[in-house]
Novice: 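Sharing a structure, written as structure tokens. Questions coming.
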Amino acid sequence: MSRASGKRKKRLWAVILIGIAVSLAAVLIFFMPVIWNAARYALSSPAEYYRYVEEKAAKKKISDFCQWYAEIVEKCSFTENRRGEVSLRLEAGDEFWELIGTTVFGTAAGKEASGIKEVGLDFSAAAEQDGVRAMLSGALSLNQLRVLDTSVFVDLQQDSVCARIPEFSGECPAIAIEELIGLDSGDLKEFLALLQQFCKAMPKEGELKRLLRRYVSLALSCAGEAESEKEIVKAGYVIKECTEVTVTFDGAAVRDMLEMLLEEMSADKKLEALVMEVLEVREEENAEEKYQWFLGKVAGLSGYLEALEDVGEIKMTVWVNQKGEIIGRRFLFGDKSEFSYIALVDGKKIGCRIRLRVGKTVILLEGGGERKRELYSGEFECSVMGLRVAEIFVTDFNLKDWRDGYLNASATISPSGMLKTLLKRAAGNGFFPEQPKLILSIAEDKKEREITTALWNGEEVFAALTCRQTERIGERITVPEKEQMVLFEDRAAFFGWLKEAEKEKVLEKLEEAGVSSVWIQAIDRFLPEPE
């Protein structure tokens with residue numbers, strides 16, 4: 001065998017060995033959570049294992065909460081121009097408007113087709129950087145025609161509040177902030193500056209996360225006796241073996257845990273530093289005295305904990321999968337009530353069960369489905385005391401988005417025959433759909449959320465309501481020109497101008513939008529006369 005041939009064989013064996021090592025490492029990494037969880041379960045007492053799985057579950061929840069907290073603090077600090085908008089769109093057929101007309105305006109309007117196919121409501125709130133300018137606006141549209149459009153502007157720089165209603169007048173009534181609310185704009189600007197300082201002094205996201213994790217760990221350390229065993233659980237058509245851990249506690253145990261947490265808070269130097277940083281924002285006040293007052297309030301809470309001794313025995317059970325993840329819980333409050341939920345995954349199959357028992361009344365929601373990549377679809381049944389009341393079909397539930405904190409899914413709810421009869425009797429006037437089904441669709445991401453709720457009568461829409469919420473940054477507020485403003489000296493004159501709106505202009509807009517004359521007459525009776 002030549003030397004070159006020997007080198008090739010060595011290289012081949014090296015490649016094979018490296019491939020085997022990489023494969024074994026990948027398999028080990030993939031199964032590491034399962035191996036680690038099995039080791040923790042085998043080497044720990046039931047109470048220790050319970051604390052381990054609860055702390056593991058709490059980490060994700062604490063991270064989500066701290067992220068939400070950081071977003072709220074950032075918004076309150078007015079670091080950017082922000083605008084939030086909410087729009088509502090109602091689309092309905094003649095049967096819906098017959099129901100509304102009969103209920104609100106009387107039989108004549110109920111029998112007459114309204115001419116309304118779509119109703120829109122738009123709301124907007126905006127604030128500029130530093131909060132010196134803010135705006136609130138609302139608009140009503142019928143059949144995509146704007147009937148009413150109002151905006152209110154607050155300008156701390158100009159010390160004024162201004163309203164704009166273009167459908168009624170090209171003029172914009174304005175009034176000094178102090179005349180309207182009794183506070184000087186300088187005081188408001190000082191408050192906003194103080195709010196920004198407080199936001200800067202608030203604990204950072206990482207600091208709050210560490211603090212919460214510490215106190216959660218302390219609270220879980222108080223968990224006393226626990227029992228654990230392997231258990232076969234079922235949800236929908238999925239059956240899995242899980243670890244079932246049950247912890248029993250009563251009011252006295254809860255009281256002892258809270259007393260321990262209060263004592264730790266009083267002696268916690270890191271907590272003291274965070275609280276002192278916030279208190280020192282108000283330089284005219286003694287931060288140390290304020291902190292002592294804070295500790296006094298914390299100590300005073302102990303006096304209210306004695307009442308917890310009257311709380312009866314509570315048993316909490318957690319179901320844990322092979323990776324050490326809590327997939328369900330059950331709470332038993334003595335012998336009177338129970339609440340439980342569990343979600344099982346077996347390959348591409350899923351199963352869910354939610355159960356509520358209060359006395360002898362039992363409400364159960366159970367079902368399952370299958371997964372295609374990250375999208376779940378399934379069928380669920382809701383029953384009360386063993387009687388089916390509704391079927392729920394869920395489609396395109398995005399698991400990845402759900403893990404990221406967003407809900408994207410659609411659901412169709414079909415009532416049972418018994419529930420249909422009850423709903424028709426409750427409606428009373430015979431306008432309730434003969435073949436009702438409710439379709440709910442939710443789509444959301446970081447900047448936008450849209451929810452559509454549609455009630456169908458067979459294959460026709462009875463009524464559909466869409467709510468859309470958006471948030472944007474970077475936009476400035478456009479206020480009316482000074483020559484458009486009419487300055488009023490007091491509140492009476494300001495609100496008097498607003499009340500003098502001529503309702504005939506509103507009625508003309510309704511007619512232009514295509515609303516029937518019978519409905520316009522009925523609405524006319526409800527509109528107030530100008531003073």
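Quick note: residue numbers are just sequence positions, from 1.
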Novice: Evaluate the side chain to side chain contact (heavy atoms under 4.5 Å, CB included) criterion for residues Thr395 and Ser410: first the C-alpha distance (whole Å), next the side-chain angles of each, then the deciding distance (0.1 Å), finally the verdict.
Specialist: CA-CA 5 Å; Thr395 56; Ser410 296; 3.5 Å; yes
Novice: For the residue pair Trp68 and Phe65, categorise the inter-ring angle as parallel (less than 30°), tilted (30 to 60°) or perpendicular (more than 60°).
Specialist: tilted
Novice: Are Lys117 and Asp94 within salt-bridge range, i.e. N to O under 4.0 Å?
Specialist: yes
Novice: For Cys66 and Leu212, which heavy atoms make the closest approach, and how far apart are they?
Specialist: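 For Cys66 and Leu212, the tightest heavy-atom pair comes out as SG-CD1, 3.9 Å.
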Novice: Only one of Arg476, Arg472, Arg133 forms a side-chain contact (heavy atoms from CB on, under 4.5 Å) with Asn81, so which one is it?
Specialist: Arg476
Novice: Crowded around Lys234 NZ? As in, over 12 foreign heavy atoms under 6.0 Å?
Specialist: yes
Novice: Decide yes or no on side chain to side chain contact (heavy atoms under 4.5 Å, CB included) for Glu264 and Arg214, but give the supporting numbers first.
Specialist: CA-CA 11 Å; Glu264 287 291 331; Arg214 178 173 180 269; 3.3 Å; yes
Novice: Could you tell me how the ring of Phe331 sits relative to the ring of Phe339: parallel (under 30°), tilted (30 to 60°) or perpendicular (over 60°)?
Specialist: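 If you compare the ring of Phe331 with that of Phe339, the planes turn out parallel.
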Novice: Using a strict 4.0 Å threshold on nitrogen-to-oxygen distance, state whether Lys315 and Glu227 make a salt bridge.
Specialist: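 Judged by the 4.0 Å cut-off on N to carboxylate O distance, Lys315 and Glu227 do not form a salt bridge.
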Novice: Determine the minimum heavy-atom distance between Arg146 and Ala139, stating which atoms define it.
Specialist: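 Where Arg146 meets Ala139 most closely, the heavy atoms are NH1-CB, 3.0 Å.
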Novice: Asn408 side chain to Glu444 main-chain N or O, any donor-acceptor pair under 3.5 Å?
Specialist: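 Side chain of Asn408 to backbone of Glu444, a donor-acceptor pair under 3.5 Å: yes, one is there.
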Novice: Ser441 side chain to Thr452 main-chain N or O, any donor-acceptor pair under 3.5 Å?
Specialist: no
Novice: Answer yes or no: are there more than 12 heavy-atom neighbours, outside Lys60 itself, under 6.0 Å from its atom NZ?
Specialist: yes
Novice: May I ask you to check whether over 12 heavy atoms, not counting those of Glu74, lie within 6.0 Å of atom CD?
Specialist: yes
Novice: Hey, does the side chain of Glu244 reach the backbone of Thr317 with a donor-acceptor pair shorter than 3.5 angstrom?
Specialist: no
Novice: Under the side chain to side chain contact (heavy atoms under 4.5 Å, CB included) rule, what do Tyr49 and Thr243 come out as? Steps first, then yes or no, please.
Specialist: CA-CA 10 Å; Tyr49 183 70; Thr243 302; 3.9 Å; yes
Novice: In Å, rounded to the nearest 0.5 Å, how long is the span from CZ of Arg210 to NZ of Lys204?
Specialist: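 Reported value, rounded in 0.5 Å steps: 11.5 Å.
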Novice: Just how far is it from atom CG of Asp149 to atom OG of Ser137, taken to the nearest 0.5 Å?
Specialist: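 If we round to the nearest 0.5 Å, Asp149:CG and Ser137:OG are 7.0 Å apart.
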Novice: Checking side chain to side chain donor-acceptor pair (under 3.5 Å) against Glu471, which of Lys75, Lys447, Arg449 comes through?
Specialist: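 In the set Lys75, Lys447, Arg449, the residue that makes a side chain to side chain donor-acceptor pair (under 3.5 Å) with Glu471 is Lys75.
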Novice: Is there side-chain contact between Val345 and Tyr376, with heavy atoms separated by less than 4.5 Å?
Specialist: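 Contact flag for Val345/Tyr376 side chains = yes.
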Novice: What heavy-atom pair brings Phe78 and Leu192 nearest, and what distance separates the two atoms?
Specialist: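 So the minimum-distance heavy-atom pair works out to CE1-CD2, 3.8 Å.
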Novice: Can you name the one residue among Leu90, Val86, Leu148, Leu88 that meets side-chain contact (heavy atoms from CB on, under 4.5 Å) with Leu121?
Specialist: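 Exactly one pass, corresponding to Leu88.
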Novice: Taking CZ in Arg83 as the centre, count heavy atoms belonging to other residues, nucleotides or ligands within less than 6.0 Å. Is the count above 12?
Specialist: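 Yes, because the 6.0 Å sphere around CZ of Arg83 holds more than 12 heavy atoms from other groups.
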Novice: Once you round to the nearest 0.5 Å, how far does CD1 of Ile413 lie from CZ of Phe393?
Specialist: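 So the CD1 of Ile413 and the CZ of Phe393 are separated by 11.0 Å.
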Novice: What closest approach, in Å, do Arg213 and Ser63 show between heavy atoms, and which atom pair accounts for it?
Specialist: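 Residues Arg213 and Ser63, closest heavy atoms: NH2-OG, 3.5 Å.
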Novice: Distance-only, no hydrogens or angles: does the Gln435 side chain make a donor-acceptor pair with backbone N or O of Asn457 under 3.5 Å?
Specialist: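 No, because the side chain of Gln435 does not come within donor-acceptor range (under 3.5 Å) of the backbone of Asn457.
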Novice: How long is the gap from OG on Ser340 to CD1 on Ile354, to the nearest 0.5 Å?
Specialist: 9.0 Å
Novice: Any side-chain heavy-atom pair from Leu438 and Leu440 closer than 4.5 angstrom?
Specialist: no
Novice: Taking all heavy atoms of Leu344 and all of Val238, pick out the closest pair and write down the distance.
Specialist: CD1-O, 3.5 Å
Novice: Can you tell me how far CG of Asp268 sits from CG of Leu211, rounded to the nearest 0.5 angstrom?
Specialist: 6.5 Å
Novice: Between Asp122 and Arg89, is there a side-chain N and carboxylate O pair less than 4.0 Å apart?
Specialist: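 A salt bridge links Asp122 with Arg89.
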Novice: Do Met316 and Tyr50 have side-chain heavy atoms sitting under 4.5 Å apart?
Specialist: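 Yes, their side chains come closer than 4.5 Å.
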Novice: Is a side-chain donor or acceptor of Glu370 paired with a backbone partner of Lys348 at a separation under 3.5 angstrom?
Specialist: no
Novice: Among Val73, Leu271, Leu274, which residue meets the side-chain contact (heavy atoms from CB on, under 4.5 Å) test with Pro203?
Specialist: Leu274
Novice: Answer yes or no: is there a side-chain heavy-atom contact under 4.5 Å between Ile327 and Val233?
Specialist: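 Result no, sub-4.5 Å side-chain heavy-atom pair not found.
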Novice: Could you walk me through whether Leu465 and Ile451 pass side chain to side chain contact (heavy atoms under 4.5 Å, CB included), step by step?
Specialist: CA-CA 8 Å; Leu465 178 65; Ile451 302 174; over 6 Å; no
Novice: Using only heavy-atom distances, determine whether the side chains of Thr466 and Glu450 contain a donor-acceptor pair under 3.5 Å.
Specialist: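 Distance-only check fails for Thr466 and Glu450.
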Novice: Would you check if the side chain of Lys446 reaches a backbone N or O of Glu448 as a donor-acceptor pair within less than 3.5 Å?
Specialist: no
Novice: At what distance, to the nearest 0.5 angstrom, does CD1 of Ile442 lie from CG of Asp396?
Specialist: 13.0 Å
Novice: I'd like to know if the side chain of Asn143 reaches the main chain of Gly115, judged simply by a donor and an acceptor atom lying under 3.5 Å from each other, with no hydrogens or angles considered.
Specialist: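 Pair found, side chain donor or acceptor close to backbone of Gly115.
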Novice: For Glu325 and Lys56, run salt bridge (charged side-chain N to carboxylate O under 4.0 Å, His left out): C-alpha distance rounded to whole Å, both residues' side-chain angles, the deciding distance at 0.1 Å, then the answer.
Specialist: CA-CA 8 Å; Glu325 300 167 338; Lys56 184 176 180 179; 5.4 Å; no
Novice: Between the main-chain N or O of Val245 and the side-chain N or O of Ser228, is there a donor-acceptor pair closer than 3.5 Å?
Specialist: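 Flag not set: sc Ser228 to bb Val245 has no pair under 3.5 Å.
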Novice: Backbone N or O of Ile342 within a donor-acceptor pair of the Trp319 side chain at under 3.5 Å?
Specialist: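 Checked: no pair found.
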Novice: Quick one: does Glu231's side chain get under 4.5 Å of Cys242's, heavy atoms only?
Specialist: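 No. Closest side-chain heavy atoms not under 4.5 Å.
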Novice: What's the shortest heavy-atom distance between Phe397 and Leu407, and which atoms?
Specialist: CE1-CD1, 3.6 Å
Novice: Thinking salt bridges, do Glu272 and Lys269 make one under a 4.0 Å N-O criterion?
Specialist: yes
Novice: How about Lys200: does its NZ atom have over 12 heavy atoms from other parts shown lying under 6.0 Å from it?
Specialist: no
Novice: Is it true that, when you exclude Tyr237 itself, more than 12 heavy atoms of the residues, nucleotides or ligands shown sit nearer than 6.0 Å to its OH?
Specialist: no
